[in-house]
Participant: 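A single structure is presented below for examination.
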Amino acid sequence: MTTANRFVIAGGGLAAAKLAEALRANDFDGTVHLISAEERLPYERPPLSKEVLLGKKTPEDATVDSAQWYRDHHIDVLLGTTVTGIDRATKTIALPDGTTLSYDKLALATGSRPRKLPIPGADAAGVYTLRTAQDTEALLEMFRTARTLVVIGAGWIGLEVTAAARNAGLEVTVLESLPTPLQTALGAEMGQVFADLHREHGVDLRVETKVAEITVADGRATGVRLADDTRIEADAVLVAIGARPNIEIAVDAGLATSEGVLVDESLATSDPDIVAVGDIADQQHPVLERRIRVEHWANALNQPEVAAATMLGRSAVYDRLPYFFTDQYDLGMEYTGYVANPQDAHVVVRGDLGKREFVAFWLDSGNRVLAGMNVNVWDVTDRIKELILGGEPVDPAALADTATPL
Ligand SMILES: Cc1cc2nc3c(=O)[nH]c(=O)nc-3n(C[C@H](O)[C@H](O)[C@H](O)COP(=O)(O)OP(=O)(O)OC[C@H]3O[C@@H](n4cnc5c(N)ncnc54)[C@H](O)[C@@H]3O)c2cc1C
């Protein structure tokens, strides 16, 4: 058990909220400060590009815990406040007003921000990114007025916004630099499933394109110019080219970092009094036996339980397999596992690819299951997990045969 009684959580997303919950659920009765750069209480982001953009939910519906919950659990929440520095020698963090706050244990849960596109026009009015509830509100406003949208980047967020924009009646052109959407995450074969899906829904998907410039008139985006000089006019442009972890305060504090903050199996950083969770945590994963950094909801949901134990001086290890999901039009999907390079894996499809009702498996050269993706097929995640964790070679033909039980 720890004698430390002053815990600070820097960050205010799902991971931060779950960590506050986990500390209290584990009977920590010391001080907990949760300091968030955002003006809103921690909320979940997945609905922002799905139900909220489809008009089925509001950002408030995605709030993790109510203000009353934080009061009841004596969590001191400081919103609209960015932690600007960490002094590990004095065990204090710095706040923008020049004050400092001391900690016995510190958790970094600072998440990510959208990557910027280093081309002319990227800062013009009418150019959007999506990370926050405020960004979603701006997109909803744009959906009401714009007729045409160019989406730069066919990753998860680009494609989910595309589906929502089509639902709102916009003409959408999606520009992707690789040969298929989602290629880095899923490989070309499964990326093609998403290419077909969007084209069937009237999206002008252009692959292997390079955007040279966002064209601007009177300070407002008017479309894009491609490297081959093709021009595409649009009322609005969404830049969705991935996220960048917010690790500057960790770097400045001299913590070991990569693209994220390096943490061990129990989510401790190179400083034993500091843990890192969620998007920024580059963890030595005990099952996958390698470092992984996962920018997905389930990670932010589940890592805090282990981080809380570590802060409390108990032993715990985060060993869950990566898991994520998406919803686009009538396609619902869950993905479990980890494939370092999907292009090198062998994909086995079980079910009907044409009807988009199937499970895809990624196998290594020894026919061991690395990952599984169920598309419009449900309640198979546990079995996929078992196949991965079992680590035994499978018969690809039997795996593909829906008459053979999973
Ligand atoms: C639109 C959208 C849709 C998504 N959909 C899915 C999905 O369908 N499935 C899925 O698995 N994942 C999805 N994700 C990813 C998932 O939401 C993230 O992995 C998750 O939000 C990570 O949580 P986090 O708490 O680590 O970071 P974040 O949610 O990024 O929260 C970090 C918080 O810390 C604040 N902060 C940053 N720096 C500081 C500082 N120095 N001081 C104080 N506060 C700071 C930030 O402002 C932010 O509020 C989606 C993400 C987005 C943006």
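Every number for a ligand or one of its atoms is a count from 1 in the order of the listing. Just the heavy atoms: all of them, side chains too, but no hydrogens, waters or symmetry mates, feed the values below. The residues of the chain are indexed from 1 along the displayed sequence. What you are looking at is a predicted structure, and each value in this text was computed from that prediction instead of being measured.
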Participant: If only atom types and distance count, is the side chain of R290 paired as donor or acceptor with the main-chain N or O of Q284 below 3.5 Å?
Facilitator: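 Pair absent, no side-chain N/O of R290 close to backbone of Q284.
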
Participant: Starting from atom 4 (C) of ligand 1, which protein heavy atom do you reach first, and at what distance in Å?
Facilitator: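 Residue, atom and distance for the closest contact: P46 CA, 3.6 Å.
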
Participant: Is there a nitrogen or oxygen of G278 sitting under 3.5 Å from a nitrogen or oxygen of ligand 1?
Facilitator: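 For ligand 1, there is no N or O atom that lies under 3.5 Å from one belonging to G278.
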
Participant: Is the gap between the ring centers of F7 and F28 under 6.0 Å?
Facilitator: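 Centroid distance F7-F28: below 6.0 Å, so yes.
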
Participant: Hey, which atoms in ligand 1 end up nearer than 4.0 Å to a heavy atom of G13?
Facilitator: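 Those qualifying, in numeric order: 25 (O), 29 (O), 31 (O), 32 (C), 33 (C).
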
Participant: Looking at D327 and K50, is there a salt bridge between them, counting it only when a charged N and a carboxylate O are closer than 4.0 Å?
Facilitator: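 Salt bridge flag = no for D327 with K50.
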
Participant: Indicate yes or no: does D401 engage R350 in a salt bridge with an N to O separation below 4.0 Å.
Facilitator: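 Between R350 and D401 there is no salt bridge, as every charged N stays at least 4.0 Å from the carboxylate O atoms.
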
Participant: I need the contact type for A243 against ligand 1. Using non-hydrogen atoms and a strict under-4.0 Å cut-off, is it side chain, backbone, both or neither?
Facilitator: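 The answer is neither.
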
Participant: Of all the non-hydrogen atoms in the protein, which one sits nearest to atom 45 (C) of ligand 1, and at what distance?
Facilitator: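 Scanning the protein heavy atoms, the shortest distance from atom 45 (C) of ligand 1 goes to A37 CB, 3.7 Å.
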
Participant: Can T81 be said to touch ligand 1, with heavy atoms closer than 4.0 Å?
Facilitator: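 Within the 4.0 Å threshold, so yes.
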
Participant: Using 4.0 Å as the upper bound for N to carboxylate O, is an ion pair formed by E213 and R225?
Facilitator: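 Looking at R225 and E213, the cut-off is met.
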
Participant: Which heavy atom of the protein is the closest neighbour of atom 34 (O) of ligand 1, given with residue, atom name and distance?
Facilitator: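 The closest heavy atom on the protein side is G12 N, 3.0 Å.
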
Participant: List the closest protein heavy-atom neighbour of atom 15 (C) of ligand 1: residue, atom name, distance to the nearest 0.1 Å.
Facilitator: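 The closest heavy atom on the protein side is E295 O, 3.8 Å.
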
Participant: Between T326 and ligand 1, is there a nitrogen or oxygen pair with a distance under 3.5 Å?
Facilitator: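 Between T326 and ligand 1 (N or O atoms, distance only) the closest approach is not under 3.5 Å.
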
Participant: List the closest protein heavy-atom neighbour of atom 36 (N) of ligand 1: residue, atom name, distance to the nearest 0.1 Å.
Facilitator: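 Here the nearest protein heavy atom works out to T110 O, 3.8 Å.
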
Participant: For D235 and T148, indicate whether the former's side chain and the latter's backbone hold a donor-acceptor pair under 3.5 Å.
Facilitator: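 Looks like yes, one N/O pair under 3.5 Å.
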
Participant: Please check this pair: side chain of D352 against backbone of E357, looking for a donor-acceptor N/O pair closer than 3.5 Å.
Facilitator: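 Checking the backbone N and O of E357 against the side chain of D352, no donor-acceptor pair under 3.5 Å is found.
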
Participant: Measure W156 to ligand 1 on non-hydrogen atoms and call it side chain, backbone, both or neither using the 4.0 Å cut-off.
Facilitator: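 Looking at W156 and ligand 1, no heavy atom falls under 4.0 Å.
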
Participant: I'd like to know whether ligand 1 has K50 as a neighbour, heavy-atom separation below 4.0 Å.
Facilitator: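 For ligand 1, residue contact (heavy atoms, under 4.0 Å) with K50 is present.
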
Participant: Pull out every atom of ligand 1 sitting under 4.0 Å from any heavy atom of E38, numbered as shown with elements.
Facilitator: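 Counting from 1, the qualifying ligand atoms are 47 (O), 48 (C), 49 (O).
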
Participant: What part of A109 sits under 4.0 Å from ligand 1 if we count only heavy atoms: the side chain, the backbone, both or neither?
Facilitator: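 A109 to ligand 1: backbone contact only, side chain stays beyond 4.0 Å.
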
Participant: Name the closest protein heavy atom to atom 18 (C) of ligand 1, giving the residue it belongs to and the distance to 0.1 Å.
Facilitator: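 Protein heavy atom with the smallest distance to atom 18 (C) of ligand 1: D279 OD1, 3.5 Å.
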
Participant: Are the charged groups of E305 and K18 less than 4.0 angstrom apart, N to O?
Facilitator: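 Salt bridge absent between E305 and K18.
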
Participant: With heavy atoms only and a cut-off of under 4.0 Å, state how A300 meets ligand 1: side chain, backbone, both or neither.
Facilitator: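 It is the side chain that touches ligand 1; the backbone stays farther off.
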
Participant: Answer yes or no: is there an ion pair linking E295 with R293, defined by an N-O contact shorter than 4.0 Å?
Facilitator: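 Salt bridge between E295 and R293, a charged N being under 4.0 Å from a carboxylate O: yes.
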
Participant: When only distance counts, is R45 in polar contact with ligand 1, meaning an N/O pair under 3.5 Å?
Facilitator: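 Among all N and O atoms of R45, at least one is under 3.5 Å from an N or O of ligand 1.
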
Participant: Can you see which heavy atom on P304 is nearest to which on A15, and at what distance?
Facilitator: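 Smallest interatomic distance, heavy atoms only, reads CG-O, 3.4 Å.
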
Participant: Going by the order shown, which atoms of ligand 1 are within less than 4.0 Å of some heavy atom of G111?
Facilitator: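 Taking each heavy atom of G111 in turn, ligand 1 has 26 (O), 27 (O), 28 (P), 30 (O), 32 (C) under 4.0 Å.
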
Participant: How does V83 reach ligand 1, if at all, at less than 4.0 Å between non-hydrogen atoms: by side chain, backbone, both, or neither?
Facilitator: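 Looking at V83 and ligand 1, atoms from backbone and side chain both fall under 4.0 Å.
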
Participant: Can you list the residues that meet the ring pair (Phe, Tyr, Trp, His ring centres under 6.0 Å) rule with Y335, with sequence neighbours excluded?
Facilitator: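 Applying ring pair (Phe, Tyr, Trp, His ring centres under 6.0 Å) to Y335 gives F324, W362.
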
Participant: So if I count the atoms of ligand 1 from 1 in the order they appear, which ones are less than 4.0 Å from some heavy atom of I35?
Facilitator: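 Contacts of ligand 1 toward I35, numbered from 1: 43 (C), 44 (N).
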
Participant: Kindly indicate whether a cation-pi arrangement holds for R45 with Y43, taking the cut-offs as under 6.0 Å to the six-membered ring centre and within 45° of the axis.
Facilitator: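 R45 over Y43 ring: yes.
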
Participant: Counting from 1, what ligand 1 atoms have a heavy atom of S49 closer than 4.0 Å?
Facilitator: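 Heavy-atom distances to S49 below 4.0 Å select 1 (C), 2 (C), 3 (C).
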
Participant: Which protein non-hydrogen atom lies closest to atom 9 (N) of ligand 1, naming both residue and atom, and how far is it?
Facilitator: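 In this structure, atom 9 (N) of ligand 1 has F325 O, 3.3 Å as its nearest protein heavy atom.
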
Participant: Can you tell me if Q283 uses its side chain to pair, donor with acceptor, with the backbone of E265 under 3.5 Å?
Facilitator: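 Such a contact is found between Q283 side chain and E265 backbone.
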
Participant: Any donor and acceptor pair, going by atom type alone, linking the side chain of D104 with main-chain N or O of R6 inside 3.5 Å?
Facilitator: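 Between the backbone of R6 and the side chain of D104 there is a qualifying donor-acceptor contact (under 3.5 Å).
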
Participant: Can you list every salt bridge (charged side-chain N to carboxylate O under 4.0 Å, His left out) pair that touches residues 119-138, not counting sequence neighbours?
Facilitator: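 Of all non-adjacent pairs touching residues 119-138, those that pass salt bridge (charged side-chain N to carboxylate O under 4.0 Å, His left out) are R40-E137, R131-D279.
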
Participant: Closer than 4.0 Å to some heavy atom of F324 - which atoms of ligand 1 meet that?
Facilitator: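 Ligand 1 atoms under the 4.0 Å threshold to F324: 11 (O).
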
Participant: Who's the nearest protein heavy-atom neighbour of atom 11 (O) of ligand 1, and how far?
Facilitator: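 Here the closest protein heavy atom is W297 N, 3.0 Å.
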
Participant: Going by the order shown, which atoms of ligand 1 are within less than 4.0 Å of some heavy atom of I157?
Facilitator: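 Result: 1 (C), 2 (C), 52 (C), 53 (C).
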
Participant: What atoms of ligand 1 come within less than 4.0 Å of a heavy atom belonging to A15?
Facilitator: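 Heavy-atom distances to A15 below 4.0 Å select 25 (O), 26 (O).
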
Participant: For ligand 1, is any non-hydrogen atom under 4.0 Å from R131's backbone (N, CA, C, O), its side chain (CB onward), both, or neither?
Facilitator: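 The answer is both.
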
Participant: Parallel under 30°, tilted from 30 to 60°, perpendicular over 60°: which one fits the rings of Y323 and F325?
Facilitator: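 Tilted.
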
